Colleague: 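For reference, the structure I am asking about is given below.
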Amino acid sequence: MISEDVQTEFKQKFGYDASRVFFSPGRINLIGEYTDFNGGHVFPCAISMGIYAAYGERDDDQVRMYSANVPDQGIVEFSLADLTYNKANGWANYPKGMMAEVINQGHQIAHGFDLAINGNLPDAAGLSSSAAIELLTGEIINDVFSLNVKELDLVKYGKLVENNFIGVNSGIMDQFAIGMGKKDQAVLLDTNTLDYEYVPVKLGHNVIVIMNTKKHRQLQDSKYNERRAQCEEALKRLQTKLDIRSLGDLTETEFDENSYLINDDVLIRRARHAVFENQRTLQAKNALVDNDLQQFGKLINASHISLHYDFEVTGKELDTLAETAWKQPGVIGARMTGAGFGGCAIAIVDRDKVAAFQENVGKVYEQEVGHPAEFYIAEISDGPREIK
């Protein structure tokens, strides 16, 4: 068990027993991709895969961190007096940034600590390992130092870390999905207002299978910021005649009737994805509430097609996984999840057909792409917490 492994690693690295163990989940987004910075809705959930941390208290202002997932980096050490971004700190910039933001928000971290982490979220696979580390750190600091910060505020701090400390122009979905996660429920979030509701995910005899392309991507280096700029430009052109705050304010019909204002093929396609994906997300929520899994699956498939043709963020690896999944018996729907350009896709699959599904999709993927994919069954989980 990873929770036991991380305690063993803590003792090996720091020479004494950890006093507490915490866990933060990763996340998948069921539907609603690239809508979060367009004032639309997203529909994510926290998953049972995630990151564990063993904590030990120090009596000085030093912080030492070790990750079993990045062993070559060894122990990263820094002082509470210097919580600035340091490229040499690598992965530790995420917890470091969260600590800096907590202090920036007027809270006090009274002393240093040692932390060993170990997770089963594959690296750079689009399951939000960075947000998981941010919220994990937030949970630990909030709990250990009795800060009484609301979970929703920790979520907002995590987004500020991404935007201002790390330098990724991302929305709030990842932190929200993780921080506000509830077992067996997805969160329908209006990213414009942060209004949200929990929706039970009743899959019956089906499970969510995560399909990892094993193609790493760095969000900073991807075309994420370019897509965001394209959507902002399309919005600006629509606002010359329309009184709207975001692309998420539009229905499909309103967009079709006014897309001439954009007057650029690429920008029209980018904006069309944002508008139509937002509406698909609302329809997907209704399908789950109505226990209409077939309709839910069709919307998931349509989401992938839009991300392929209109938003152009899928790529050969993700398309191979989704398109092969669609052809398998027992599959209700499949799509890429996350920022694309690699990372993961998800499929909703009949539990009895999972073994055949993995074998068939894996075989086609390896033939087409040249290396194997990885498959995991995801259960929908609670948010960050201490493990007693």
Side-chain angles (χ1 to χ4, degrees), residues 29-44 126 128 159 162-163 167-174 189-192 213 215 217-284 298-319 322-323 334-346:
N29 191 22
L30 296 175
I31 191 168
E33 221 64 75
Y34 283 97
T35 51
D36 61 342
F37 57 71
N38 285 307
H41 292 76
V42 291
F43 202 24
S128 283
K159 179 182 183 291
E162 290 285 348
N163 297 165
V168 178
N169 200 10
S170 56
I172 201 167
M173 177 185 70
D174 294 349
L189 170 66
D190 182 336
T191 59
N192 235 358
T213 63
K215 179 187 180 182
R217 52 162 194 79
Q218 287 297 120
L219 205 54
Q220 296 99 313
D221 303 333
S222 75
K223 294 187 177 178
Y224 182 99
N225 290 341
E226 179 188 270
R227 291 295 182 277
R228 185 165 187 156
Q230 289 167 334
C231 289
E232 286 167 359
E233 178 59 29
L235 174 63
K236 205 184 296 177
R237 296 183 187 191
L238 288 165
Q239 285 171 329
T240 59
K241 292 280 175 68
L242 298 177
D243 182 21
I244 55 170
R245 288 173 304 165
S246 68
L247 294 172
D249 290 344
L250 295 171
T251 65
E252 294 111 317
T253 304
E254 286 167 340
F255 177 79
D256 284 341
E257 289 172 353
N258 292 282
S259 57
Y260 73 93
L261 293 168
I262 302 174
N263 195 28
D264 177 281
D265 173 55
V266 172
L267 295 183
I268 286 172
R269 285 189 286 117
R270 302 298 187 253
R272 182 170 58 211
H273 168 75
V275 172
F276 281 54
E277 181 80 349
N278 182 44
Q279 295 301 319
R280 271 191 292 272
T281 304
L282 296 171
Q283 292 161 20
K298 286 176 187 171
L299 291 162
I300 284 177
N301 295 343
S303 170
H304 185 89
I305 288 166
S306 178
L307 287 156
H308 171 98
Y309 288 102
D310 279 350
F311 225 64
E312 296 183 277
V313 294
T314 54
K316 181 179 181 180
E317 294 85 0
L318 287 165
D319 287 334
E323 290 165 15
R335 64 180 286 273
M336 62 155 268
T337 187
F341 306 110
C344 289
I346 57 170

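Bear in mind that the values here come from a model prediction, so they are computed numbers and not experimental data.
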Colleague: Roughly how far, to the nearest 0.5 Å, is CG of Leu189 from CD1 of Ile172?
Modeller: 7.5 Å

Colleague: So, applying side-chain contact (heavy atoms from CB on, under 4.5 Å) with Val313, which one of His308, Met336, His273, Glu33 is it?
Modeller: Met336

Colleague: Where do Asp264 and Leu267 come nearest, in terms of heavy atoms and distance?
Modeller: OD1-N, 2.9 Å

Colleague: What do the steps show when you test Tyr224 against Phe341 for ring-ring contact (aromatic ring centres under 6.0 Å, His included), and what is the final call?
Modeller: CA-CA 10 Å; Tyr224 182 99; Phe341 306 110; 9.2 Å; no

Colleague: Examine distances only and state if a side-chain atom of Asn301 and a backbone atom of Ala334 form a donor-acceptor pair shorter than 3.5 Å.
Modeller: yes

Colleague: Give a yes or no answer on whether the side chain of Thr35 reaches the backbone of His41 with a donor-acceptor pair at less than 3.5 Å.
Modeller: yes

Colleague: So do Lys223 and Glu312 actually touch side chain to side chain, heavy atoms under 4.5 Å?
Modeller: no

Colleague: Distance check, rounded to the nearest 0.5 Å: Thr281 atom OG1 versus Ile31 atom CD1?
Modeller: 5.0 Å

Colleague: Between Arg269 (side chain only) and Tyr309 (backbone N and O only), is there a donor and an acceptor less than 3.5 Å apart?
Modeller: yes

Colleague: Parallel, tilted or perpendicular: which one describes the rings of Phe255 and Phe276, with boundaries at 30° and 60°?
Modeller: perpendicular

Colleague: Return yes if some donor-acceptor pair links the side-chain N/O of Thr213 with the main-chain N/O of Gly343 below 3.5 Å, else return no.
Modeller: yes

Colleague: Between the side chain of Arg227 and the main-chain N/O of Phe311, is any donor-acceptor distance below 3.5 Å?
Modeller: yes

Colleague: Would you confirm whether Arg237, through its side chain, and Ile262, through its main-chain N or O, come within 3.5 Å as a donor-acceptor pair?
Modeller: yes

Colleague: Using atom types as modelled and distance alone, determine if a side-chain donor or acceptor of Arg280 lies under 3.5 Å from a backbone N or O of Gly32.
Modeller: no

Colleague: With sequence neighbours excluded, what pairs up with Ile244 under the side-chain contact (heavy atoms from CB on, under 4.5 Å) test?
Modeller: Leu235, Leu238, Gln239, Leu242, Asp249, Leu250

Colleague: Salt bridge or not between Lys236 and Glu232? Use side-chain N to carboxylate O under 4.0 Å.
Modeller: no

Colleague: Are any side-chain N or O atoms of Asn38 and backbone N or O atoms of Gly40, one a donor and one an acceptor, separated by less than 3.5 Å?
Modeller: no

Colleague: Do Asn29 and Thr337 pair up side chain to side chain, a donor and an acceptor below 3.5 Å, judged on atom types alone?
Modeller: no

Colleague: I need the Phe37 CZ to Ser246 OG distance, nearest 0.5 Å.
Modeller: 11.5 Å

Colleague: Return the minimal non-hydrogen interatomic distance between Asp36 and Gly171, and the atom names on each side.
Modeller: OD2-CA, 3.4 Å

Colleague: State, without any angle test, whether Ser303 and Glu277 hold a side-chain donor-acceptor pair at a distance under 3.5 Å.
Modeller: yes

Colleague: Say you draw a straight line from CG of Asn258 to OG1 of Thr253; how long is it, rounded to the nearest 0.5 Å?
Modeller: 10.5 Å

Colleague: Give the minimum heavy-atom separation between Leu318 and His304, together with the two atoms involved.
Modeller: O-CE1, 3.8 Å

Colleague: Glu254 side chain to Thr251 main-chain N or O, any donor-acceptor pair under 3.5 Å?
Modeller: yes

Colleague: Closest heavy-atom contact between Met173 and Pro44?
Modeller: CG-CG, 3.9 Å

Colleague: Can you tell me how far CG of Leu299 sits from CZ of Phe43, rounded to the nearest 0.5 angstrom?
Modeller: 11.0 Å

Colleague: Once you round to the nearest 0.5 Å, how far does CD1 of Ile305 lie from CG of Asp310?
Modeller: 11.0 Å

Colleague: Tell me if a side-chain donor or acceptor on Asn278 pairs with a main-chain N or O of Ala274 at a distance below 3.5 Å.
Modeller: no

Colleague: Is the shortest side-chain heavy-atom distance between Arg335 and Leu307 below 4.5 Å?
Modeller: yes

Colleague: Are Val42 and Thr191 packed together at the side-chain level, in the sense that at least one heavy-atom pair is separated by less than 4.5 angstrom?
Modeller: yes

